[in-house]
Asker: 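One structure follows; several queries about it will come next.
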Amino acid sequence: MTTTLIIAEKFDAARRISYILSGGTSKQKRSQGLNYIEYSDKDDRTVMVPLSGHIVELDFQEEFRDWSKADLSRMIFSELITKVKNKTAHETLTRMAQEADRIIVATDYDREGELIGQEALNIIGVDADSDKISRAKFSSLTAPEIKNSFADLIKVDRDIADSAAAREEIDLIWGSVLTRFFSVAARRLGTNFLSIGRVQTPTLALIVRREEEIHNFVPEKYWRIVATFFKDEEFQGELESGPVKSKEEAEEILDAINGKDGNVIRFTMENVPIKKPPPFNTTEFLREVSKIGISPARAMRIAESLYTSGLISYPRTDNMVYNRTLPLKGIVEKLSKSPFSKEAQMVLDQEKIIPSRGKVEATDHPPIYPVSAPGNRALKGEYMRVYELIVRRFLATLYRQGLEERKEASIDIGGRSFITRGRKVLDPGWLEIYPYRRIYENFHPDLAEGETVKVISVNPLEETTKPPPRYDMGNILKTMEELKLGTKSTRHDILEKLQARGFIEGNPIIPTGLGIALIDAVTTVKSTISEPEMTAHLEDDMDGIANRRKTRDTVVNESREMLLVVLKDLDGNREKVKEIINKGLTKGEKIGTCPEHNTDVMLLKDRERVRFWCVTEGCQIKYDMFINGKVTSTEKKCPICEKPIVRIIRRGQSPEERCVDPKCKYNLQRQELGVCPSDGGKLIIRQSRYGKRFVGCANYPACTVTYPLPQMGYLTITGETCEFCKAPLLISTRGNRKWKFCPKMDCEFNHKGKKKASEKKVKPVKVEKKGKKTVKRKKTRKVKTNEKTAT
DNA sequence: GCAAGGTC
């Protein structure tokens with residue numbers, strides 16, 4: 001009896017490999033908290049152990065524990081220690097290895113996979129060159145590929161593992177040393193630490209540089225000359241030679257063509273296919289999911305959970321082409337017994353199913369697709385939305401393409417040519433299944449060359465050139481991918497980190513004052529750490545190690561020497577670094593323009609306190625408040641006082657927009673609950689200076705009517721008036737409890753008709769637009785809204 | 001309380 005131990009990188013791979021090799025006889029086993037798979041063939045027993053990625057991680061020695069005391073230059077050259085990260089895997093491996101006559105490393109066939117295999121062998125304590133050890137080389141989990149790889153085993157490759165190990169060491173050393181330098185220099189320790197890394201810092205730099213571009217952008221005026229024509233209906237065209245730079249030029253053109261008819265000099269009409277989207281790989285999936293308001297990091301966690309519960313395929317993949325062996329039709333049939341039966345049936349009703357293909361054809365895993373229907377395990381909230389997106393995308397890639405009609409004409413008015421375009425969807429095709437895309441249509445009549453069309457008007461439209469847009473979660477992921485920053489499995493994590501550390505916020509992404517200051521400080525010193533090139537260089541070195549042109553030690557040591565130079569340079573600039581970061585923190589950020597002085601209005605956030613001020617000295621705009629939430633700029637002006645409008649995002653609530661002036665009436669206009677019984681004014685929800693909510697009359701201070709409100713719970717406007725005191729009746733929802741009440745606490749309504757009223761069904765109107773999440777959550781988390789208003 | 005890379 002011989003025993004073979006096979007080591008896989010993840011459970012999914014272990015299951016499939018053992019299924020293929022055993023011809024379906026493999027059994028999943030569980031012993032003392034360890035999961036593994038086993039099968040036997042006559043005298044051969046095979047045990048398959050799934051890891052979950054890396055089992056160990058590197059760290060510094062104990063002596064460098066204290067950030068303020070550690071000597072960074074010594075740290076650079078210190079020996080690193082290996083810590084076990086996954087105890088269960090460690091235990092399983094050691095136990096199983098004892099019985100094994102031979103060991104096959106079957107981790108993913110890439111650098112990290114080779115290192116993960118090497119880590120496992122190190123734990124078992126066998127020499128990689130031993131005859132007991134071999135390596136299966138496969139690049140997809142398909143039967144022929146797996147069978148071949150196990151029939152033709154190779155040796156483990158120490159050099160490839162070394163190349164990944166070098167990356168690991170360099171990332172840790174550079175990241176930790178620079179993280180500590182900046183944190184200590186700026187005296188930001190504990191949870192406020194500043195972090196630096198090979199991937200996160202260049203990513204932050206991209207965002208900061210884009211913000212600078214926007215800030216430095218000088219807008220220029222231009223005029224579009226737009227003609228409105230009439231045939232059957234109105235349609236518009238624009239001067240074909242493009243916009244003009246001055247108003248005079250625009251007027252000259254208008255004068256020249258004033259009162260003249262249009263003459264069609266060209267007309268084309270064609271039917272153009274609306275191409276199907278490609279299957280989802282991780283990046284595409286995350287780009288799309290961020291459009292429905294779910295952050296990439298959250299979407300990945302949801303996808304992970306959908307994957308482990310067997311609803312979708314492996315979510316970390318580069319592939320955008322369905323493998324030929326994938327039973328597409330079978331999957332659609334499964335989906336016909338899901339909430340998407342109608343869409344699935346539409347796909348099945350086609351004569352032939354032809355899947356779309358994306359540009360990337362990798363062999364790691366198939367594109368992301370639904371594996372099964374949720375059945376009774378009803379998915380809720382964001383889980384359902386993510387699953388639905390994946391299902392609809394999958395079905396869309398299998399449905400027919402759409403068709404649209406495009407018309408285009410050149411119409412001459414007095415010697416000037418105007419171009420007109422029309423678009424009409426003839427067949428939405430896959431768009432019927434995939435509602436996340438919208439196609440804008442516009443009317444255009446059929447024309448003929450030489451035809452005369454009536455010109456209703458020609459107008460110059462004043463426009464200004466726009467700065468480049470901010471990155472959003474979708475296109476920053478794409479840019480990172482193009483610059484080879486991070487991997488499909490880490491990019492979303494990096495972005496979440498930048499957010500959690502307070503360097504960026506919002507979507508579109510805005511760097512915070514701290515984020516900008518950090519990049520400023522990092523670039524005071526010549527170093528590649530804020531450039532994507534650091535990664536490119538590292539990649540080259542890794543290739544060098546894998547090809548045995550270099551060794552792991554020389555690469556890591558060279559990198560250490562480079563870091564030492566950077567550190568020395570930084571050390572000489574310690575004061576400057578501190579100053580830049582502290583200045584960045586007190587500088588604030590521009591959130592609008594002062595209507596009186598036309599100068600910048602600034603915002604400074606420090607934990608929950610928020611300060612707004614105009615940079616002109618002596619200006620009345622100077623407000624200090626407590627706002628428990630994120631405050632961001634809207635670029636809007638208050639319609640009442642023209643001061644900047646800011647957006648406040650509180651956890652679990654939809655954003656509130658308010659004027660920076662706490663006394664401004666704009667802040668009192670919304671959330672109308674009903675009519676004030678005293679003077680007939682609007683009753684609204686207001687916040688006291690201590691952040692308590694209450695009902696008050698919008699005519700304050702002329703009218704001082706107020707009612708108290710329960711501080712917790714979700715409020716719904718009923719539109720009804722209390723029969724006893726004429727105050728507006730409200731419904732409070734907290735967890736499963738729901739009751740109607742009169743805000744006048746001692747009102748008879750609350751004592752008499754209470755029971756009946758709470759059971760009555762009332763159509764709710766939302767008062768505070770809270771996200772569904774908050775409403776559904778059973779334990780209402782306490783959301784403080786301490787806002788010091790100047791009332 | 002550091003990084004980035006696997007994966008749960």
Asker: May I have the distance from K83(A) (atom NZ) to dC2(B) (atom C1'), rounded to whole angstrom?
Answerer: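 In whole Å, dC2(B) C1' lies 11 Å from K83(A) NZ.
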Asker: Answer yes if the ring centres of Y307(A) and Y314(A) are under 6.0 angstrom apart, and no otherwise.
Answerer: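 Yes, they do, as the ring centres are separated by less than 6.0 Å.
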Asker: Does the side chain of Q61(A) come under 3.5 Å of the side chain of S78(A) through a donor N or O and an acceptor N or O?
Answerer: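 S78(A) and Q61(A) do not have a side-chain donor-acceptor pair below 3.5 Å.
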Asker: Sequence neighbours left out, what passes side-chain hydrogen bond (donor to acceptor under 3.5 Å, both in side chains) with R574(A)? Give chain and number order.
Answerer: D571(A)
Asker: Contacts to DNA chain B from residues 540-548 of chain A, heavy-atom cutoff under 4.0 Å, which residues?
Answerer: none
Asker: What one-letter contact string describes nucleotides 3-8 of chain B from 5' to 3', where B marks a base within less than 4.0 Å of any protein heavy atom, S marks contact via sugar-phosphate atoms alone, and - marks no contact?
Answerer: BBBBBB
Asker: Just by distance, no angles: are the side chains of S183(A) and R188(A) close enough, under 3.5 Å, to form a donor-acceptor pair?
Answerer: no
Asker: For the salt bridge (charged side-chain N to carboxylate O under 4.0 Å, His left out) test, which of E169(A), E558(A), E168(A) pairs with R552(A)?
Answerer: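 Output: one option passes, namely E169(A).
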Asker: Nearest 0.5 Å please: distance from the CG atom of L5(A) over to the OG1 atom of T92(A).
Answerer: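 One finds 10.0 Å between CG of L5(A) and OG1 of T92(A).
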Asker: Checking N557(A) against E561(A): is there a side-chain donor and acceptor pair closer than 3.5 Å?
Answerer: no
Asker: Are side-chain N/O atoms of T142(A) and N323(A) paired as donor and acceptor at under 3.5 Å?
Answerer: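 No pair is found: no donor N or O on one side chain lies under 3.5 Å from an acceptor on the other.
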